[in-house]
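Heads up, the thing below is written out as structure tokens.
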Amino acid sequence: MKRVILSYPYVFVWMPLFIIAPMLFVLYYAFFRDGQFTLEYVQNVVANDTYLGAFWNSLWIALATTVICLLMGYPIAYILSQMKKRTAALVSLLFILPMWMNMLLRTLAWKVLLFDGGVFQQILSFFGAGNVQLIYTPGAVLLATVYDFLPFMILPIYTTLQKLDRSLIEAAHDLGANGAQTFTKVVLPQSVPGIISGITMVFVPAMSTFAVSTMLGGKQVMLLGQVIEEKFLAGTDSVLGIGSTLSLVLIILVIVSMVIMNRIDKDNSASGGTLW
Amino acid sequence: MKRTLSIILSSLMALGVVLALASCKSGGGETTPTGSADPKATGDSGEKTIYLLNWGDYLDKEVKDEFKRLTGITVKETPVTSNEEMIIKLDTDDCPYDLCIPSDYAVERLIAKNRLAEINFDNIPNIANIDPQYLKLSEVFDPGNKYSVPYTWGVLGILYNKNMVDEADLGSWDLLWNEKYSGKIIMYDSVRDSMAAALCKLGYDLNTTNEEEINKAADELIAVKPLARAWLTDSIKDSMVLGSGAVALVYSGDAVWSMMPDEGSDELEFFVPKEGSNIYFDNIVITANSPRKAMAEQFINFLLDGEIATRNTEYIGYSSPNVKVAENIDEFFLNCSAYNISAEDVARCKVFRDLGDKISLYDAAWNRIFK
């Protein structure tokens with residue numbers, strides 16, 4: 001009884017005020033103009049190819065980020081899980097450490113590093129490739145998003161791998177499975193929940209990211225989040241409507257990807273819920 | 001353990017909500033600018049304070065101190081980052097600010113909303129220091145010069161690197177479209193300003209609301225896209241100083257910064273294209289309901305003083321409409337092509353007008369450029 005009461009501030013104040021009300025505002029601005037119901041904005045967004053470019057950019061950046069993070073994150077998490085407890089704690093701390101810093105600051109640091117005449121260009125020019133442009137390219141944006149989101153891929157996978165029952169691996173070996181077979185038949189299937197939450201935690205925020213592309217993209221790569229930001233800052237009503245409609249598109253995309261991820265997760269692991 | 005923690009957390013949360021609600025009731029949120037000072041509380045007893053809504057880093061602190069020494073009046077500043085923010089903050093009946101420094105079109109909109117007070121120029125004899133040329137230009141947004149006093153001005157133009165650009169290519173907006181400098185052109189990430197460059201290049205009015213003209217200008221900007229290294233705002237200065245751009249669309253004030261002896265580069269020069277351009281004014285205004293209008297006027301008069309204005313201008317780096325400044329200012333500014341802009345160049349420039357609903361035409365064009 002007492003415990004239920006403790007959740008009241010969250011359920012009745014925090015959630016309505018900061019989660020439900022903003023969503024309702026987004027819905028309102030997407031469908032109403034001067035208090036009149038309108039489908040104008042939805043038509044404008046759907047029937048027009050104006051925002052298609054930003055949409056595809058966001059999608060491919062998010063997908064590429066997720067794939068790269070997974071390809072890098074899984075081996076890292078696996079190696080971590082094989083380490084002694086103490087070393088593992090230390091190394092994983094090194095991965096978590098950057099997360100304690102504000103994401104904007106980290107991105108700003110990338111800006112300095114990638115800037116013309118910056119450290120990376122100096123290194124490249126040492127190898128005779130000093131004229132390669134780094135900042136204001138899609139590559140710069142991708143690099144920074146991968147950097148920002150990599151810990152979100154490593155941690156959930158690491159947690160599942162750590163909880164993995166060692167005796168299962170031993171049993172597999174006893175039954176004659178070699179290293180590769182043990183990995184694909186025993187370790188990988190059991191770490192699916194970790195992979196799923198890793199993918200969700202990287203893909204969803206990467207899809208809506210905008211600060212990174214604003215700072216490192218120089219408008220050469222426009223992302224959906226950036227378009228929305230621009231619309232809201234412009235301040236006029238009609239533009240606000242389009243910004244809200246685009247936000248709605250983003251929310252729907254997030255929900256869809258969550259549903260897909262949950263499906264896959266349920267199919268794969270009957271036991272145990274998702275992490276995080 | 002967990003339980004204690006959750007009790008602590010939820011009581012903290014509840015406390016936060018209660019405090020937030022309480023402060024809403026008592027204050028109405030926005031009435032207190034900067035810190036704990038409450039402008040409503042200042043009367044004849046206690047110290048004298050006026051409240052200024054200003055851009056960041058847009059007033060020399062020593063000038064404020066000097067004013068305090070001379071008059072005993074403290075100037076408290078609240079920083080804002082856009083004209084839109086200024087308008088929102090001034091557009092209430094119990095606006096706590098006495099003074100503000102909005103740009104031209106924002107002055108126009110604030111006058112239309114009846115949020116500004118007519119200035120009594122009997123209290124501002126130093127208005128004689130303002131070059132009549134600029135008073136005339138600002139009549140576009142403030143007919144009769146009743147509500148505003150020009151504070152700084154600047155012109156949209158091209159900043160270029162002497163060592164990278166051929167002299168023969170200078171003088172016209174065409175430089176931004178010159179394929180020779182492909183990958184070294186930096187554009188300004190702002191609708192009205194980029195469109196102004198394209199409209200002027202085509203010989204159209206930069207306040208046009210003619211859809212065909214706007215579309216043609218947008219086509220021009222689409223043609224720049226493959227040539228442009230990036231579309232930036234604040235980073236333009238760094239990019240140009242570091243030499244990663246050969247030409248950039250900038251405002252003269254930013255150009256002055258990039259050319260400053262200590263942090264800037266001496267390879268950079270600035271010009272106003274011959275086809276004409278945009279001139280902007282930031283203007284001091286007094287809010288309609290200010291209870292400290294006399295003190296506000298005293299401060300404006302102080303700012304217009306020749307010596308004070310010179311010091312202030314050397315600090316902020318934007319061109320001053322004050323004739324006394326031109327006589328006293330440091331030589332760097334007088335020799336700087338972005339500070340000392342000729343009267344002929346200024347005569348070819350136009351002030352942005354508030355376009356009202358028609359701004360949607362520009363938004364649509366902008367969408368088309370970056371789709």
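Lettering follows sequence order; numbering is per chain, from 1.
In this structure, chain A has no heavy atom under 4.5 Å from any part of B/D357. Only the backbone of B/A228 comes within contact range of chain A, with at least one heavy atom under 4.5 Å from a heavy atom of that chain. Within the 4.5 angstrom heavy-atom criterion, no atom of A/F55 approaches chain B. The parts of A/I135 that come within reach of chain B are both its backbone and its side chain, each placing non-hydrogen atoms under 4.5 angstrom from that chain. Heavy atoms closer than 4.5 Å to chain B are found nowhere in A/N57, neither backbone nor side chain.
Not one N or O on the side chain of B/S194 forms a donor-acceptor pair closer than 3.5 Å with the backbone of B/V191.
Below 30°, between 30° and 60°, or above 60°: for A/F37 and A/F31 the angle between ring planes is below 30°, a parallel geometry. Note: B/W366 and B/F370 have perpendicular aromatic rings, judged against thresholds of 30 and 60 degrees for the angle between ring planes.
Heavy-atom neighbours of A/M23 CE from other residues, nucleotides or ligands within 6.0 Å: at or below the threshold of 12.
Annotation: cation-pi geometry satisfied between B/R192 and B/Y362 (NZ/CZ under 6.0 angstrom from ring centroid, within 45° of ring axis).
In terms of non-hydrogen atom pairs under 4.5 Å with chain B, the most contact-rich of A/D49, A/L52, A/L17 is A/D49. The candidate from A/Q133, A/M222, A/K111 with the greatest count of non-hydrogen atom pairs under 4.5 Å with chain B is A/Q133. Contact tally against chain A (heavy-atom pairs below 4.5 Å) for B/N367, B/T233, B/L242: the top residue is B/N367.
Here the closest heavy-atom approach between residue B/S258 and residue B/K237 is recorded as OG-CG, 3.7 Å.
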